[in-house]
S.K.: 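I have a structure here, written as structure tokens, and I will follow up with some questions on it.
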Number of protein chains: 2
Amino acid sequence: MAATMKDIARMTGLGLATISKYFNGGNVRPKNRKLIEDAVKALRFVPNEFARSLKTRLSRTVGVVIPELGNQFITSIITTMEDILRKHDYAVIVCDCRTDPRREKEAVTFLMHKRVDGLINMPTDTTGEHLKPALDRGIPIVLVDRMLKALSGKISAVVVDNVDASEKATRYLLEAGHEKIGLILGNEGIYTTQKRREGYLNAYAEFNIKPRKEFIRFSDYTLEGGYTKMKELLALSIQPTAVFVTNYEMTLGTIIALNEAFRSVPDDISIIGFDKLDMFGAMYPNLTLVKQPQNAIGECVAKQLLRLLSQTLPDPLNQIITLSTQLHEGNSVKCLK
Amino acid sequence: MAATMKDIARMTGLGLATISKYFNGGNVRPKNRKLIEDAVKALRFVPNEFARSLKTRLSRTVGVVIPELGNQFITSIITTMEDILRKHDYAVIVCDCRTDPRREKEAVTFLMHKRVDGLINMPTDTTGEHLKPALDRGIPIVLVDRMLKALSGKISAVVVDNVDASEKATRYLLEAGHEKIGLILGNEGIYTTQKRREGYLNAYAEFNIKPRKEFIRFSDYTLEGGYTKMKELLALSIQPTAVFVTNYEMTLGTIIALNEAFRSVPDDISIIGFDKLDMFGAMYPNLTLVKQPQNAIGECVAKQLLRLLSQTLPDPLNQIITLSTQLHEGNSVKCLK
DNA sequence: CTCCGATAGCGAAACGTTTCTCTTTATTAT
DNA sequence: ATAATAAAGAGAAACGTTTCGCTATCGGAG
């Protein structure tokens, strides 16, 4: 049906190897180059990627395994990544594992069967077990947003400096005179949760104040989770005067909970949120928040993977890239002094 | 390196064709079946999809082209779709075209090069021009959420009954005594925009009332868009007593605009929103809104594509599936009578 | 116990590239 | 002009499956 390189060879009178060379950037005499180009047009030739993959053992495809497609922080990273990878002719297969380690493992296996050339993963499983099939096949892996300590050295990662981010935010509140600061975290085992908790505690330590345990709440990075935890904080007999919420969805949930309780920000309570996404752009009051560089993350991940993909070295030259965050000052924090 | 079917043949003493038959569901004698299974385990054999694709001309991969990965209505559909397709061993390549027809066309071409077996598209280009390469190759296409009239008959689609949805919402407001109803729509050329406008006008016609032109605003289905248009409506000398907003992001924007203007819902103004997603689940007041069945849409799209993919018929048996919406009654509409 | 139809197994030829080795052609210096 | 050298082209063998057209084997009916 469709034209093949053989047809071009026949049409131009050239050898198969020459045609192949033409497509793979080799040198071909101008006269023949012209000949081939004409034939390609005439025959509407499109190289057969299947055959090419069979020979080269490369699919020009990468797999992306994430916890939730519904999470905007994640999709904003993926958008940038996908854009860059596609420009380099890599297709991106997305697998949403719904924050379920079993599904995550299945997704990795699935992608190995599809013979992706590389893997990008925002891990749900905190052990890193699920990545074994990929590690065994020796394909490059880049983790996003969350490091897995069990795999350090064998793997690349792009993360933000969560400890610093959280420390900055907490310090900002402490400096404004808040001593009772609520903290709404994600799932307890997750990398970012631990780091953000660490930063919070660091800041308290700096100020020589003991944080109250009941102000620190583990949740699950969903809107409902943030909503519920905020409600819980509001139900305490001793209430926080400020709350630091550690991701986008939970921040939205928090705000909804506050609206419902008729607490106004920052008069009744101060808030520092997370992730400058659409929603906050237009919001009033302008929220003070930790701004993660999603675009930079996506770009970094894509470029790191491309780098790994292009080197034929036996040692994969893995690296952990840490990006920094910014504290965006809005007017959702009231100064108590 | 990796084991091949030849190795299995050698190990079991069987012929290549038998091994192949085993993997493709053919009949193999129990004794031999056992033999093969043992060899597969011993050699850790995994079939080479490249070779298989070369022979069968199938990639077991489908392409998905969408306007924005950041749009939650879209991702909620994709999640369901991806899940079902992956269960059927199809990989999903996602291409975000950022609501740019040029990029959309590129995405389709890209996917054709990758030789996807089928295509799912929520079109940005209203002419359908971009799908020509796919149409030419004769692969099945399923449109999501938006129909393209130029392609009817040649293509399948899953949409919701937008006219009815919009009519129901508008009628609900009219019945509550609202005569000045603002309407915030998406991009003017888009299918859903036209249909939702049509429904609004139908309802007005039913009640024999003339709608005011200045209350109908075209926007772009983004949060900022909704925000801006709501501000515009609030700046009118004669203001609407109710507003119907026709997608999720714009509804969020609307609410932000109202909060900023200190208008409370439903006391100062009534609102009907669109798409019951996370955000509204926890919100107060409980928003009255048009509920689209995202899961059903995703499921329908996936199943329709699988159906088309499995038939070898020359005529693709395309169909347009229309799902209905529900009006979810909250308490964001005030009765004026 | 034989024979027959059905069932399972076999070998070889594809699928359409890339790449290795070898030959031919072009280029340059003498 | 000619030899030496470099560059470009040709042919054929792989990559690992599926499938076509046969042959061998099976189980049961006569």
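Heavy atoms only: backbone and side chains are in, while hydrogens, waters and symmetry mates are out. Here is the naming used below: chain letters follow the sequence lines, and residue numbers restart at 1 for every chain.
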S.K.: Return a table of donor-acceptor pairs under 3.5 angstrom between the side chains of residues 40-49 of chain A and protein atoms on other chains or two or more places apart.
M.R.:
residue	atom	partner	partner atom	Å
A:Asn48	OD1	A:Phe50	N	2.7
A:Asn48	OD1	A:Ala51	N	3.2

S.K.: Go through the structure and list residues passing side chain to side chain donor-acceptor pair (under 3.5 Å) with B:Thr75, not counting sequence neighbours.
M.R.: none

S.K.: Does A:Thr18 have any side chain to side chain donor-acceptor pair (under 3.5 Å) partners at least two apart in sequence or in another chain, and if so, which?
M.R.: none

S.K.: Please tell me which of A:Lys31 and A:Val46 maps to the more 5' nucleotide of DNA chain C, matching each residue to the nucleotide holding its nearest heavy atom.
M.R.: A:Val46

S.K.: For nucleotides 13-15 of chain C, which of its nitrogen or oxygen atoms have a protein nitrogen or oxygen under 3.5 Å away, and what is each distance?
M.R.:
residue	atom	partner	partner atom	Å
C:dA14	N3	B:Lys55	NZ	2.9
C:dC15	O3'	B:Arg57	NH2	3.3

S.K.: Heavy atoms from C-beta onward define the side chain here; which of D:dT18, D:dA10, D:dT17 lies closest to that of B:Thr56?
M.R.: D:dT18

S.K.: Which part of the nucleic acid does A:Phe45 contact within heavy-atom distance under 4.0 Å: base, sugar-phosphate only, or nothing?
M.R.: sugar-phosphate

S.K.: Please report how far the helix from C:dC1-D:dG30 to C:dT30-D:dA1 bends, comparing the axis fitted to its first five pairs with the axis fitted to its last five, to the nearest 10 degrees.
M.R.: 30°

S.K.: Which pairs, with at least one residue in residues 14-37 of chain A and sequence neighbours excluded, count as a salt bridge (Lys or Arg N to Asp or Glu O under 4.0 Å)?
M.R.: A:Lys34-A:Asp38

S.K.: Identify which one of A:Thr80, A:Asp83, A:Thr79 satisfies the side-chain hydrogen bond (donor to acceptor under 3.5 Å, both in side chains) criterion when paired with A:Asn295.
M.R.: A:Thr80

S.K.: Can you tell me how far P of C:dG11 sits from CD1 of B:Ile19, to the nearest Å?
M.R.: 11 Å

S.K.: Which atom pairs, donor and acceptor, lie under 3.5 Å between side-chain atoms of residues 10-17 of chain B and protein residues at least two apart or in another chain?
M.R.:
residue	atom	partner	partner atom	Å
B:Arg10	NH1	B:Asp7	OD1	3.2
B:Thr12	OG1	B:Ile8	O	2.8
B:Thr12	OG1	B:Ala9	O	3.4
B:Thr12	OG1	B:Leu14	N	3.2

S.K.: For B:Arg60 and D:dT18, what is the distance between atoms CZ and P respectively, to the nearest whole Å?
M.R.: 12 Å

S.K.: Can you tell me if NZ on B:Lys303 sees more than 12 non-hydrogen neighbours from other groups inside 6.0 Å?
M.R.: no

S.K.: Rounded to whole angstrom units, what separation is found between the CZ atom of B:Phe50 and the C1' atom of D:dT18?
M.R.: 17 Å

S.K.: What's the CG-C1' distance between B:Asn24 and D:dG16, to the nearest Å?
M.R.: 13 Å

S.K.: Below 3.5 Å between N/O atoms, which protein atoms pair up with nucleotides 6-8 of chain C? Just atom names and distances, please.
M.R.:
residue	atom	partner	partner atom	Å
C:dA8	OP2	B:Asn27	ND2	3.1

S.K.: Measure CZ/A:Arg10 against P/D:dG11 and give the value in whole Å, please.
M.R.: 13 Å

S.K.: Not counting sequence neighbours, which residues clear side chain to side chain donor-acceptor pair (under 3.5 Å) with B:Ser152? List them please.
M.R.: none

S.K.: Who are the side chain to side chain contact (heavy atoms under 4.5 Å, CB included) partners of B:Thr126, not counting sequence neighbours?
M.R.: B:Ile190

S.K.: Roughly how many Å is it from CD1 in A:Ile36 to C1' in D:dA10, rounded to a whole number?
M.R.: 13 Å

S.K.: Could you pull out every donor-acceptor pair under 3.5 Å between side chains of residues 131-147 of chain B and any protein atom, sequence neighbours left out?
M.R.:
residue	atom	partner	partner atom	Å
B:Lys132	NZ	B:Asp136	OD2	3.3
B:Arg137	NH1	B:Met112	O	3.2
B:Arg137	NH2	B:Val116	O	3.0
B:Arg146	NH1	B:Pro123	O	2.9

S.K.: Return the value, rounded to whole Å, for the distance between atom CZ of B:Phe23 and atom P of D:dT19.
M.R.: 15 Å

S.K.: Would you mind reading off the distance between A:Arg33 atom CZ and D:dA7 atom P, rounded to a whole angstrom?
M.R.: 16 Å

S.K.: Who passes side chain to side chain donor-acceptor pair (under 3.5 Å) against B:Lys6, sequence neighbours left out?
M.R.: none

